[in-house]
Structures are given as structure tokens and as C-alpha cells.
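Report on the following structure.
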Amino acid sequence: MLLFDDVYSDMLDSIRKVLPETNSSDLALDKTGRCDYSFRTFRLSKLTGKNLDQISELVSPAIRGLPFVGKIKNESGYLNIFIKDSFFLDSVRRYLDERKQYPDTFQDPERVLVEHTSTNPTGPIHIGRSRNSVIGDSLARILLRYGYRVTTQYYVNDSGKQVAALYRGFEMFHPGETPTVDSLLSGYQKIYSEMQDRQKEKELIDPVIQSYENGDKEVIEKIREYCSIMLAGIMESMLSIGIKIDDYVWESSFLDGGELNQVFESLSDRTEDDGGAKYITLPDGAKVYLRRSNGTSLYFARDIAYHIFKAMNADWVIDVLGEDHKDHARHLSTVLKEYMDYKPRIDFVTYGFMSLEGSKFATRMGNIVTLDDLLARTIEEALKVVKEKRPDMPPEKLADVARNVAISSIRFNIIRVNSVKHVDFRWKEALSFDGDAAPYILYAYARAGSILNRVGSFEKHMSVEYDAEERALAKSMFLYPYFLKESVDSLRPEIIAAYCLDLVKTFNDFYSACQVIGSGVEIEKRVTLITCFRKILRDAGSLIGIKFLEEM
RNA sequence: GGGCGCGUGGCCCAGUCUGGAUAUGGCAACAGCCUCCUAAGCUGUAGAUCGGGGGUUCGAAUCCCCCCGCGCCCGCCA
């Protein structure tokens, strides 16, 4: 829960005291530049039968008494409300001084479990998959900032067909060799081309799955070993862009565990038989298989078991999934909620697929960009740019700047787009550092810092006169909690990305319009604006993984 | 074929949930701004029948219906 001077709620409450019919959409943040908030009198007029002026005469006095409300204008069906100029900065500064952060938070007892990435440990993480990690990590940070107790979890698929293929591929094509990421991947790719027809696939893979589920120690240990090697590489890649997951849960731990039995027991009344295989039929008519005819379990059953496990430590479960899992997620949710009395709130955040320069990702065709490739090339490109812009900078600093710019850019490019949208990855765009991108944010932060470094001592005098640019910057900072809340309510991290861009834009307007050093009676207010701006931008930007720099 | 989602200037994107006062930014293009706190910046110009059609409404990018295009899913894979 967020603690701040919530002017919106205060005004809405006051208005409802005199006009209980008021809907929350009747009072809104102004988008036209006329005022700060506007109240739609025409809507209430229609609803209550009172004319526009009568509504206005009722509402104006109700909010005029609020300490932050300034002018109120009655204009063509709208009541245009102004907040007092100095209120925005005073409010933000008070929180930062007294509570060290704006907004402050109240610890929510709810435990949130964000599962993300969970990519099969059968190869390095590629940029399509990294969208999952970036979204999940940002969401976790945002929820934590909001005041929830958050943990992140990676579900490691070390049972089932994919990893059976990983095992079989390595044993077939690299017998006796020491397993490495490369040799494992090579075996996996080779056996996958063998598995093109399903008959061949059955012959190669079924025996492995069978012995795995029968508890064949050697197979289980080997698979676990190979998966661990692959997973270590994935973890390192994620860490390179600032993502660290709290817990890794191995799917195999549910094979002989009580959760899986619990699943089959709970669903036994609904289970139907198809030649020995077991399935259930959902309300939408979909048949979902739980067991193969040979008795081994299927992903759906194991995923229910996993979610039962999750519920033991969470009040709110959030899964970040590719859009190809949307139906699975819907079905899972139905079974948990309708058939199994699942207690936690559960949400699925799905994201659209990525393509590469207009064509599909195809792992086996080599049409793929790994996260490591992307980071390496982006650092290289960033280095070129910094060298050019800052010939005076020492090499170790150049490298540090290039790395932070690259990490921030990659994460920002991924997170700024609404997750439901498909994204076509283009190198030209990925390596561009102009406009709506991370460097825009980093640069403003560094420039603001530079002013503070140079300003020295100055005369204390908090001016209450505000230029338009000063006011806009203070207002933008003040509005941060609303965006944070909206981001949590909708589970959309891109709202924070958009907020950062908007905040920086108001700063740049201020920067070019208002000289700070040597500005006489304005200086304390302007230094305060910059100090607060840096804290809030850093706060918001960190939620989406931006790594700030003092200098660039 | 059925289900789900997407379609906004040449390109990328916001706004759609909760209908309202001039449809948001950026890239690319063109014209400007460093004797002044970092020009990875700022200012200006040009560029949009909000996929198409119908409907609801005083009012539709936003809600409803139909159609078109694209993506994903429809496995005893995960």
C-alpha cells in the first residue's frame, strides 16, 4: 500500500459527500493542458437532473476547502481544478525528507509469488525468452516497491520429453564426453531432427521417460546433471542483465511427491479413461490429459501439483507465460478454482512472441539471437558511442558506462512495449540510443547530478513563484504513486517505463528553460526540484532494471 | 474450421478496461539552437479516413455486431 498525499481521492471523497452519484471516472487528471484535474459536470447534470451551474455550485465549495486546491473554473460542462503551485514540490520533498522515499509504503502482509522465465534447461536463453525474465523481474520489483512480500521462482523442467531428449541426444551423439553447454546443445539439436516423425520420437524418448518415472537412479541423476549445466548458463545470462531469481523448483520433485497424488485423487471423480490414459473434460469442452496410457504423468497434472505447492507459501500467485500457454493457463485456472478450491489469487501475465528481423525464431535453423549475443553486441555499440561523445573519459570508465547503457537499453526496449504485443526484433532499433530509450533517461539523471556537483553553496530562499516548466516537473514527480499503483493493479510494468520517459521529458524542458546555477532567488527551489527528481527517477527506473550512472 | 489476441502517420509506440474538451511520444525527413549547469539534449515544419463497414450515444480510437489482415493455441509435447 502506498502512502502519499492522495489529492485525487481526497477530492473525490469530498465531491461524493455532496453528490453521491459521482463515478470515479467523472474526476480525472487533465490531459489537455487546461488545468490539473477536471470534473465532468455535464455527466452529473444528466444523472441528477440539475443543470450545469447547479452542479458546479454544489461541487466547488465542497473541494475549495481542501488545502491543496487553488483555482476552480467552470467551463463548458467541466469544472477545471487547479492545484496550488507549491503543493507538488512541497509534498514530494516532505516525504523524501521525513520518510526517505516518495511514496512511502505500508508493508502488506500478502505474500506474492512471481514465477517467471522457467525456460527449459535445454539451451541458452534467447531474446524471445528473455522477454519473460524482464517482465517477471520488473513485476516482482514493482510489487515489492508497492509493499508486498515478494519472492520469485523458476520452475525447472527436468522431467518430460524435452529433457529426455537432452539426455538421449548427448548419450547418442557425444558418448563418453564431458558434458558442456555446447555439447549438450549439439546433441539436443541433433536428436530433435531425428524426432521429426512421431514414431521415431516415441522409440527414442519413451524408454527414457519410462525409466525416469520408474525411478532409474542413473537416468535421473544424469538428467539432473545435464539440466544443472544448462541452468547455470541461463542463470549467468540473466544475472548479466541484473536478474536474480530467489528459488529454483525442480519439476522432478513432484513426481513421487504427495502433491501429484493429491491431484489425481482430487480429480478422480471427473477423470475419464481413454485406452488407459486419463483425462478430464473442462466446461469449454477441452480434454486435458493427466496421464499417459503407460501410467506416466503429463505436464498438466504436474503443473497443478506445482501450483498446489506454490499455494503453501503464497497468497497471490503470478505466472509469467508466453502467449502459447494462454489456453493452458486458462484451463489450469479453471481446474484449480472450480475443482480444487484453490485459495490464492492467481494471475497470468502473458506476452506475445518475438520475431527476428521479420522472420520467425527457429532454434534448429540457427535463426536465433541469444541474450548473451545481444548483450555483447549492445555493449560494443554503446562503447563506440561513448568513446565518440566522451573522448576525455578514461577507458575503465568508458567500459562501465557502455555496460550500464547496454543493460538498461536492452531491458528498456523489452519492457516499454505492452506485453500482449508481438515484437519484431531489429538490430538497428536495438542498437539505437536516441529518443524513447534508456539513454534518454540515464542522460537526464547524469546531467541533473552534474548540476548538483557544481552548484556549491547558495542562499536559502524557497521561492513560491513557479515557472511553467518548474511546475510541470514538480507535478510529474508528484504523480509517481498513481502510476505505480496503476502498474500494480494492471500488472503492467510498461506503465513505469512510460512514466520514466514522461518524467524525464518534463525535466529536459525544465533544464533548457531554467538555469540553476546563479539563478539568485530561484536557486533553492531549483536545486530542490533536481534533488527530488533524481531520487524519484532512480526509484522508478530501478523498478524496470535501469542502471543509473553519475556520469556519461 | 473453432477458441484467444493484435491492427493507431513511411516505421515503432501511448491512449481502448472505466466513451467526452485539440489522438501521445519517438524513429526516419526538413529547418533551427552549444562565448551559458553534459547537444545521448532542446525548438519548429511536414506527416493519421485510429484495418473496413454498420450500430448504440448528445458524443466512439475507446462499447456492440459483421467483415478483412496478421499471430498464437486446438498433441497420451511442454
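Nothing here was measured: the structure is a model prediction, and the numbers come from that model. We name chains A, B, ... by the order of the sequence lines, and we start the count at 1 in each one.
Side-chain polar atoms of A:Asn80 and A:Ser38 form no donor-acceptor pair below 3.5 angstrom. A donor-acceptor pair shorter than 3.5 Å cannot be found between the side chains of A:Arg40 and A:Tyr78.
A salt bridge (Lys or Arg N to Asp or Glu O under 4.0 Å) check over residues 403-415 of chain A, counting only residues at least two apart or in different chains, returns the pairs A:Asp137-A:Arg411. Among residue pairs with one or both ends in residues 24-35 of chain A, those qualifying as side chain to side chain donor-acceptor pair (under 3.5 Å) are A:Asn23-A:Ser25, A:Ser25-A:Arg43, A:Asp26-A:Arg43, A:Asp30-A:Thr32, A:Thr32-A:Arg34; sequence neighbours excluded.
Residue A:Arg492 places at least one side-chain N or O closer than 4.0 Å to OP1 or OP2 of B:rG15. Between B:rC42 and A:Asn508, a contact under 4.0 Å exists linking OP1 or OP2 to a side-chain N or O. Contact check, A:Lys421 against B:rA14: a side-chain N or O comes under 4.0 Å of OP1 or OP2.
Closest contact between the side chain of A:Ser450 and the listed nucleotides B:rC37, B:rC42, B:rA21 involves B:rC37.
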Would you mind building the protein contact string for nucleotides 58-63 of chain B? One character per nucleotide, 5' to 3', B for base within reach (heavy atoms under 4.0 Å), S for sugar-phosphate only, - for untouched. B-----
Going 5' to 3' along nucleotides 68-77 of chain B, which nucleotides have protein heavy atoms under 4.0 Å from the base (write B), which only from the sugar-phosphate (write S), and which from neither (write -)? ---SSB-BBB
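Taking a pair to require two hydrogen-bonding distances under 3.5 Å in either a Watson-Crick or a G-U wobble arrangement, B:rC70 pairs with B:rG5. If you check B:rC30 for Watson-Crick or wobble pairing at under 3.5 angstrom, you find it paired to B:rG44. Nucleotide B:rU49 forms a pair with no other nucleotide shown, judged by Watson-Crick or G-U wobble geometry with both contacts under 3.5 Å. The partner of B:rA21 is absent, by the rule that a Watson-Crick or G-U pair needs both atom distances under 3.5 Å.
Nucleic acid contact for A:Glu551: base, since at least one base atom lies under 4.0 Å from a heavy atom of the residue. Nucleic acid contact for A:Ala498: none, since no nucleic acid atom lies under 4.0 Å from a heavy atom of the residue. Among the atoms of the strands shown, none is found under 4.0 Å from any heavy atom of A:Tyr279. As judged by a 4.0 angstrom heavy-atom cut-off over every strand, A:Asn413 is placed among residues making no nucleic acid contact. At a threshold of 4.0 angstrom between heavy atoms, the contacts of A:Ser38 include nucleobase atoms, whether or not backbone atoms are also involved. A:Asn418 comes within 4.0 angstrom of the backbone, heavy atoms only, and of no base.
Take the nearest nucleotide of RNA chain B for A:Val385 and for A:Tyr78: the residue whose nucleotide is more 5' is A:Tyr78. Taking for each of A:Val386 and A:Leu452 the nucleotide of RNA chain B with the nearest heavy atom, the 5'-most of the two is the partner of A:Leu452.
Within 6.0 Å of NZ in A:Lys190 there are more than 12 heavy atoms belonging to other residues, nucleotides or ligands.
Ring centroids of A:Tyr289 and A:Phe300 are separated by 6.0 Å or more, keeping the two rings apart. Between A:His328 and A:Tyr299, the distance from one ring center to the other falls under 6.0 angstrom.
What separates CD of A:Glu115 from P of B:rA78 is a distance of 15 Å, to the nearest Å. Atom NE2 of A:His331 and atom P of B:rA78 are 16 Å apart (whole Å). Going from atom OH of A:Tyr445 over to atom C1' of B:rA40 covers 17 Å, rounded to whole Å. Atom CG in A:Asp502 sits about 13 Å away from atom C1' in B:rG15, given to the nearest Å. Between A:Lys389 atom NZ and B:rG41 atom P there is a gap of 7 Å when expressed in whole angstrom units. Whole-Å rounding puts the A:Lys485 NZ to B:rC17 P distance at 17 Å.
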For nucleotides 9-11 of chain B, tabulate all protein N/O to nucleotide N/O atom pairs closer than 3.5 Å, reporting atom names and distance.
none

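With respect to A:Glu203 and A:Lys200, no salt bridge is recorded, no charged nitrogen being found less than 4.0 Å from a carboxylate O. The residues A:Arg416 and A:Asp436 are annotated as not salt-bridged, no charged nitrogen and carboxylate oxygen being separated by less than 4.0 angstrom.
When the salt bridge (Lys or Arg N to Asp or Glu O under 4.0 Å) test is applied to A:Glu357, no partner is found at least two apart in sequence or on another chain.
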